[in-house]
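Since the structure comes first, as structure tokens, the remarks are kept for the end.
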Amino acid sequence: MDKIISVIRNKDPEQREFHQAVDEVLETVMPVLDKNPEYRQQAVLARITEPERVLMFRVPWMDDDAQVHVNRGFRVEMNSAIGPYKGGLRFHPSVNLGIIKFLAFEQVFKNSLTTLSMGGGKGGSDFDPKGKSDGEVMRFCQSFMAELFRHIGPNTDVPAGDIGVGAREIGYLFGMYKKLRNEFTGVLTGKSLNWGGSLIRPEATGYGTVYFAAEMLAVKGETLEGKTCLVSGSGNVAQYTTEKVVELGGKVVTLSDSSGYIYDEEGIDSEKLAFVQELKNIRRGRIAEYAETYPDVVYTPVDSTLDHNPLWDHKADCAFPCATQNEINEKDGENLIKNGVHLISEGANMPSVPAAVDMFVEHELLYAPGKAANAGGVAVSGLEMAQNSMRLSWPREEVDGRLKGIMKAIHRTCRDAGDQYGVSGNYVAGANIAGFVKVVNAMLDQGLV
Ligand code: NDP
Ligand code: 2IT
């Protein structure tokens with residue numbers, strides 16, 4: 001394992017997030033290798049950590065003042081052993097190859113856990129949609145797709161949304177794909193309802209993250225009723241996490257964006273959530289406005305001189321990080337435990353640094369890593385693909401029922417794998433082992449390709 005890790009680090013020393021994601025998986029799957037000597041002879045670790053294909057391309061576009069800009073586009077097609085590459089696109093200025101590789105790597109295991117046939121991929125760009133007009137976003141999306149279209153397809157690679165890519169961007173991307181290919185297919189998921197989208201896809205990641213939390217609590221004979229919850233982010237995943245927590249009787253007291261966070265001791269009810277959705281999805285404003293609108297709400301701007309994020313330093317029972325990677329540092333982890341949080345369900349991908357993860361596992365918190373807890377989004381993307389193939393749409397109850405069933409199955413799979421390898425209740429090891437074994441066995445069945 002040390003050898004593989006040092007080879008990966010030496011090859012691409014700057015890809016820190018990718019190294020972090022790989023370390024975390026490899027640490028937990030070593031017992032599986034010990035049990036299966038064939039895996040070592042077949043070099044499965046070296047094979048699963050090397051993307052099948054990496055695409056990187058120029059995306060030129062023109063702003064509303066006729067000024068030309070150039071961004072960088074990415075698609076990492078990580079693993080197709082169990083199905084076509086599947087995973088979102090992220091548009092954010094922080095995007096680079098290391099971040100897309102970490103996300104694609106996580107996606108392989110996540111998709112494996114969903115019970116559906118999907119390989120793993122991820123893509124995006126360092127384009128920043130903030131402050132851009134609809135016309136600028138459209139021209140960017142069209143230019144991005146003018147290259148990406150040659151590499152994707154409903155049986156090859158099916159992108160979707162992630163940070164900075166929602167229904168608007170998926171629409172522009174789909175329109176350009178359709179024009180270039182002269183083909184109406186399910187090549188993207190997260191489409192709008194009246195042209196091939198699935199009911200519950202917008203809600204799926206947040207709902208699934210809460211369904212997973214409810215499953216973990218049920219093992220202890222508990223429910224979300226009356227629990228105080230910290231949620232970070234205020235985008236797609238945070239909004240629907242909040243909606244489901246409230247529906248199940250919990251109280252959400254925080255939300256954030258990249259400028260700061262709000263603390264609403266009274267709790268965010270459905271009316272306040274509707275305000276957040278209008279603010280974030282339509283007006284694309286800042287969360288600070290929430291505190292100007294509702295009384296007794298405290299807004300705290302980001303303070304980069306602090307060694308912790310004060311959002312995680314409030315008395316609570318549960319935490320749902322739903323913003324971005326490494327948003328919970330070691331100090332935040334300590335604060336969460338100190339404040340009585342005993343459940344963490346990750347809506348975001350890799351939001352906790354390794355030292356925080358180790359602490360959560362050591363203290364036996366109900367801790368669900370993103371690749372298990374937030375798999376509901378890609379799972380319903382899989383259901384969108386199934387509906388597109390059949391050329392029909394299932395009703396809301398049908399999709400939500402299937403989502404619940406899938407989250408229950410993922411929870412059971414993680415627990416069973418933990419029990420089988422002597423780490424009962426450790427959802428990190430359980431998720432990594434179960435996700436890994438399914439993909440590796442498929443790779444071995446298909447020979448050295
Ligand atoms: P959105 O773009 O809808 O929302 C992202 C939210 O996170 C915004 O509130 C944003 O603030 C905040 N944020 C983003 N980057 C940073 C940063 N560097 N520092 C602080 N805050 C930040 O994205 P999603 O809700 O879709 O995604 C949130 C997380 O969930 C990501 O980790 C994503 O990978 C993960 N995820 C998403 C799925 C999906 O289906 N959409 C599925 C599974 C996981 P601001 O508005 O200021 O940018
Ligand atoms: O991280 C993720 O799982 C997503 N952004 C959703 C991917 C998808 O294909 O729906």
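Atoms within each ligand, like the ligands themselves, are counted from 1 in listed order. Everything numeric here is computed off the predicted structure, so don't read it as measured data.
- By the criterion of a heavy-atom distance under 4.0 Å, the side chain of Arg90, and not its backbone, is placed next to ligand 1.
- No side-chain donor from either of Tyr299 and Glu289 sits under 3.5 Å from a side-chain acceptor of the other.
- Taking all heavy atoms of Thr205, Ile163, Thr189 into account, the minimum distance to atom 43 (C) of ligand 1 is reached by Thr205.
- A heavy-atom separation below 4.0 Å is not found between Ser94 and ligand 1.
- In this structure, a donor-acceptor pair under 3.5 Å is absent between the side chains of Tyr85 and His151.
- Under a 4.0 angstrom heavy-atom cut-off, Gly190 registers as lying outside contact with ligand 1.
- Note on ring orientation: taking the six-membered ring where Trp is involved, the planes of His69 and Trp61 are parallel (angle under 30°, cut-offs 30° and 60°).
- For Asp162, a nitrogen or oxygen atom sits less than 3.5 Å from a nitrogen or oxygen atom of ligand 1, counting backbone and side chain alike.
- Close approach of ligand 1 to Ser234 (heavy-atom distance below 4.0 Å) involves ligand atoms 9 (O).
- Summary of contacts: the protein heavy atom closest to atom 12 (C) of ligand 1 is Ala323 CB, 4.0 Å.
- Residue-level proximity to ligand 1 for Lys130 is carried by the side chain, the only part with a heavy atom below 4.0 angstrom.
- By the 4.0 Å N-to-carboxylate-O rule, Asp64 lies close enough to Arg139 to be salt-bridged with it.
- In this structure, atom 10 (C) of ligand 1 is not in close contact with the protein, since no protein heavy atom lies within 4.0 Å of it.
- Scanning both residues, Trp312 and Ala319, for their nearest heavy atoms gives CZ3-CB, 3.9 Å.
- The cationic atom of Lys244 (NZ for Lys, CZ for Arg) does not lie both less than 6.0 Å from the six-membered ring centre of Phe320 and within 45° of the ring axis.
- When heavy-atom distances to ligand 2 are checked against a 4.0 Å cut-off, Val380 has no atom that comes that close, whether in backbone or side chain.
- The shortest N/O to N/O separation between Asn349 and ligand 1 falls below 3.5 Å.
- Between Val158 and ligand 2, not a single N/O pair is under 3.5 Å apart.
- Protein heavy atom nearest atom 10 (O) of ligand 2, with residue, atom name and distance: Ser381 OG, 2.5 Å.
- Considering only non-hydrogen protein atoms, atom 19 (N) of ligand 1 sits nearest to Thr324 CG2, 3.9 Å.
- Of all the atoms in ligand 1, the ones that sit under 4.0 Å from a non-hydrogen atom of Ser258 are 11 (O), 20 (C), 21 (N), 45 (P), 47 (O), 48 (O).
- Lys86 and Thr189 share a donor-acceptor pair across their side chains, judged by distance under 3.5 Å alone.
- Taking the six-membered ring for Trp and thresholds of 30 and 60 degrees, Tyr367 and Phe360 have ring planes inclined between 30 and 60 degrees apart.
- Heavy-atom proximity to Ala160, at under 4.0 Å, picks out these atoms of ligand 2: 8 (C), 9 (O), 10 (O).
- Applying the 4.0 Å criterion to heavy atoms of Ala348 picks out, from ligand 1, the atoms 29 (C), 30 (O), 32 (O), 35 (C).
- Scanning all protein heavy atoms for the shortest distance to atom 4 (C) of ligand 2 gives Lys122 NZ, 3.7 Å.
- Formation of a donor-acceptor pair under 3.5 Å by the His19 side chain with backbone atoms of Asp12 is found in this model.
- In Cys322, the part holding a heavy atom less than 4.0 Å from any atom of ligand 1 is the backbone.
- Donor-acceptor pairing under 3.5 Å is recorded for the side chains of Asn281 and Gln239.
- When each atom of ligand 1 is checked for a heavy atom of Gly347 under 4.0 Å away, the hits are 30 (O), 35 (C), 36 (N), 44 (C).
- Regarding atom 9 (O) of ligand 2, its nearest protein heavy-atom neighbour is Lys86 NZ, 2.7 Å.
- The two residues Phe91 and Pro129 come nearest to each other via the heavy atoms O-CD, 3.6 Å.
- Given atom 6 (C) of ligand 1, the protein heavy atom at minimum distance is Gly235 N, 4.0 Å.
- Between Lys371 and Asn432, the side chains place a donor N or O and an acceptor N or O closer than 3.5 Å (distance only, hydrogens not considered).
- A side-chain N or O of Tyr211 and one of Asp400 form a donor-acceptor pair less than 3.5 Å apart.
- Note on ligand 2: Gly161 sits in its first shell, one or more heavy atoms being nearer than 4.0 Å.
- No side-chain heavy atom of Asn309 sits less than 4.5 Å from a side-chain heavy atom of Ile328.
- Residues Tyr294 and Phe275 bring their aromatic ring centres within 6.0 Å.
- Looking only at heavy atoms of the protein, atom 25 (O) of ligand 1 is closest to Val237 N, 3.0 Å.
- Polar contact check, Lys122 against ligand 1: no nitrogen or oxygen pair lies under 3.5 Å apart.
- Taking a cutoff of 4.0 Å between a charged side-chain nitrogen and a carboxylate oxygen, Asp416 and Arg412 qualify as a salt bridge.
- Looking at atom 15 (N) of ligand 1, its nearest protein heavy atom turns out to be His92 NE2, 3.6 Å.
- Annotation: Asn374 places no N or O atom under 3.5 Å from an N or O atom of ligand 2; distance criterion only.
- For Phe184 and Phe174, the ring centers are positioned less than 6.0 Å apart.
- Summary of contacts: the protein heavy atom closest to atom 7 (C) of ligand 2 is Gly88 N, 3.5 Å.
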Exercise. Before giving the answer on side chain to side chain donor-acceptor pair (under 3.5 Å), spell out for Glu14 and Asn96 the whole-Å C-alpha distance, their side-chain angles and the decisive distance to 0.1 Å.
Key: CA-CA 10 Å; Glu14 75 294 350; Asn96 58 41; over 6 Å; no

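- For ligand 1, the polar-atom distance check finds an N/O of Gly164 within less than 3.5 Å of one of the ligand's N/O atoms.
- Heavy-atom contacts of Ser256 reach the following atoms of ligand 1: 9 (O) (cutoff under 4.0 Å).
- Under the 4.0 angstrom criterion for non-hydrogen atoms, Arg201 is in contact with ligand 2.
- With respect to atom 3 (O) of ligand 1, the closest heavy atom belonging to the protein is Asn236 N, 2.9 Å.
- Met350 does not count as a contact of ligand 1, since none of its heavy atoms falls under 4.0 Å from the ligand.
- Residue Lys110 has at least one heavy-atom neighbour below 4.0 Å for each of these atoms of ligand 2: 1 (O), 2 (C), 3 (O).
- With a 4.0 Å heavy-atom cut-off, ligand 1 is reached by the side chain of Arg201 but not by its N, CA, C or O.
- When each atom of ligand 1 is checked for a heavy atom of Lys280 under 4.0 Å away, the hits are 46 (O).
- At a heavy-atom cutoff of 4.0 Å, ligand 1 is contacted by no atom of Pro351, backbone or side chain.
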